[in-house]
Amino acid sequence: MRNRLKVLRAERDWSQAELGGRLGVSRQAVNAIETGKYDPSLPLAFKIARLFAMPIEEIFSDAESGGEDD
């Protein structure tokens with residue numbers, strides 16, 4: 001699963017630890033999600049979407065779909 005979490009976090013000048021604190025997860029969990037090593041649970045994905053005030057689909061996308069059309 002691809003995601004824009006790192007970009008969204010950087011736009012707000014938040015560290016991984018700060019984002020983790022806002023989400024109730026560890027800095028390591030944030031890093032694993034950002035690097036694609038771990039897909040968040042559905043409740044965590046909803047929490048992330050609410051935090052950034054965006055639909056889940058704008059943050060996460062299916063890696064197999066190839067992302068945006070060229």
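Formation of a donor-acceptor pair under 3.5 Å by the R2 side chain with backbone atoms of S61 is not found in this model. The backbone N or O of G20 lies less than 3.5 Å from no partner atom in the side chain of R27, so there is not a single donor-acceptor pair. Distance alone, capped at 3.5 Å, is enough to place a donor-acceptor pair between the N3 side chain and the I33 backbone. Using modelled atom types, no side-chain atom of K6 and backbone atom of E34 make a donor-acceptor pair closer than 3.5 Å.
Separating the CZ atom in R22 from the CZ atom in R9 is a distance of 12.0 Å, to the nearest 0.5 Å. To the nearest 0.5 Å, the span separating CZ on F52 from CD on E11 amounts to 8.5 Å.
Between E18 and R12 no salt bridge is recorded (no basic side-chain N to carboxylate O distance below 4.0 Å).
A continuous path of ILVMFWY side-chain contacts below 4.5 Å connects L44 to L42, so both sit in one hydrophobic cluster.
The two residues I59 and A49 come nearest to each other via the heavy atoms CD1-CA, 3.7 Å.
Residues L8 and M54 form a side-chain contact, since some pair of their non-hydrogen atoms from C-beta on lies under 4.5 Å apart. Between L51 and K47, the closest side-chain pair of non-hydrogen atoms is not below 4.5 Å.
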